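The structure appears below as C-alpha cells.
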Amino acid sequence: EIRYYLHVINRPNSVLPEFILAPISSESLAQIKITLYPNCTKEDELKVIEICEKHLDIFNPEIQIRRSDLDGKYKSKN
C-alpha cells in the first residue's frame, strides 16, 4: 500500500503547486484500488470512472472502485 500526503504549512504569500508528479509504475497502476469519499454522488463516481478509463491501460471499476465504509454514516458540515 502506498499513500501520498501533502502537508501544508501556511506561510504568507505561499502558493501550493497545481499538481505533484509522482512516478508510479504501470504494474502498480493496474492494481490501484480507489475508495470514494463518504456519500459520493453518482455523478462524481462516474467522473472518477471516466478519468480512470481515460488514463489507465487496464481498469475495471467493479474491482478497483469501492464506496466508503462511511457512506450514510457521515454528514458534512455544509
Side-chain angles (χ1 to χ4, degrees):
E1 179 174 320
I2 299 172
R3 296 181 184 202
Y4 289 94
Y5 295 94
L6 178 63
H7 180 73
V8 178
I9 299 172
N10 192 7
R11 294 189 179 139
N13 302 319
S14 66
V15 178
L16 289 175
E18 187 173 331
F19 58 88
I20 298 172
L21 295 176
I24 302 173
S25 71
S26 297
E27 294 82 20
S28 295
L29 285 175
Q31 297 177 36
I32 193 169
K33 305 283 188 227
I34 299 169
T35 303
L36 300 172
Y37 64 89
N39 306 325
C40 176
T41 65
K42 188 64 177 174
E43 180 182 321
D44 284 347
E45 181 178 357
L46 292 174
K47 287 179 188 176
V48 170
I49 291 171
E50 180 182 333
I51 290 167
C52 290
E53 287 176 339
K54 180 178 178 183
H55 295 286
L56 299 177
D57 293 335
I58 300 170
F59 180 71
N60 183 343
E62 286 150 16
I63 295 172
Q64 294 175 276
I65 292 185
R66 71 180 204 90
R67 308 266 331 160
S68 169
D69 291 337
L70 296 176
D71 264 1
K73 299 174 189 171
Y74 170 81
K75 296 193 189 286
S76 67
K77 296 179 181 179
N78 296 343

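Bear in mind that the values here come from a model prediction, so they are computed numbers and not experimental data. We number each residue from 1, following the sequence as shown.
Expressed to the nearest 0.5 Å, how far CD1 of I51 lies from CD1 of I34 amounts to 9.0 Å. Here the straight-line distance linking atom CD of Q31 with atom CD1 of I58 works out to 10.0 Å at 0.5 Å rounding. Note: R66 CZ to D71 CG = 9.5 Å, rounded to the nearest 0.5 Å.
N39 and R67 get closest at one heavy-atom pair: C-NH2, 4.0 Å. For the pair Q64 and L29, the tightest heavy-atom approach, listed with the atom from each and the gap, is NE2-O, 3.9 Å. The minimum heavy-atom distance linking C40 with E45 is given by the pair SG-N, 3.7 Å. When all heavy atoms of K33 and I63 are compared, the closest pair comes out as NZ-CG2, 3.7 Å.
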Does L36 form a side chain to side chain contact (heavy atoms under 4.5 Å, CB included) with D44? I'd like the steps, not just the answer.
CA-CA 9 Å; L36 300 172; D44 284 347; over 6 Å; no
Go through I32 and S28 one step at a time and tell me if the side chain to side chain contact (heavy atoms under 4.5 Å, CB included) criterion holds.
CA-CA 6 Å; I32 193 169; S28 295; over 6 Å; no
Could you walk me through whether I65 and F59 pass the side chain to side chain contact (heavy atoms under 4.5 Å, CB included) test, one step at a time?
CA-CA 10 Å; I65 292 185; F59 180 71; 3.6 Å; yes
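Taking 4.0 Å as the cut-off between side-chain N and carboxylate O, E50 and K54 do not count as a salt-bridged pair.
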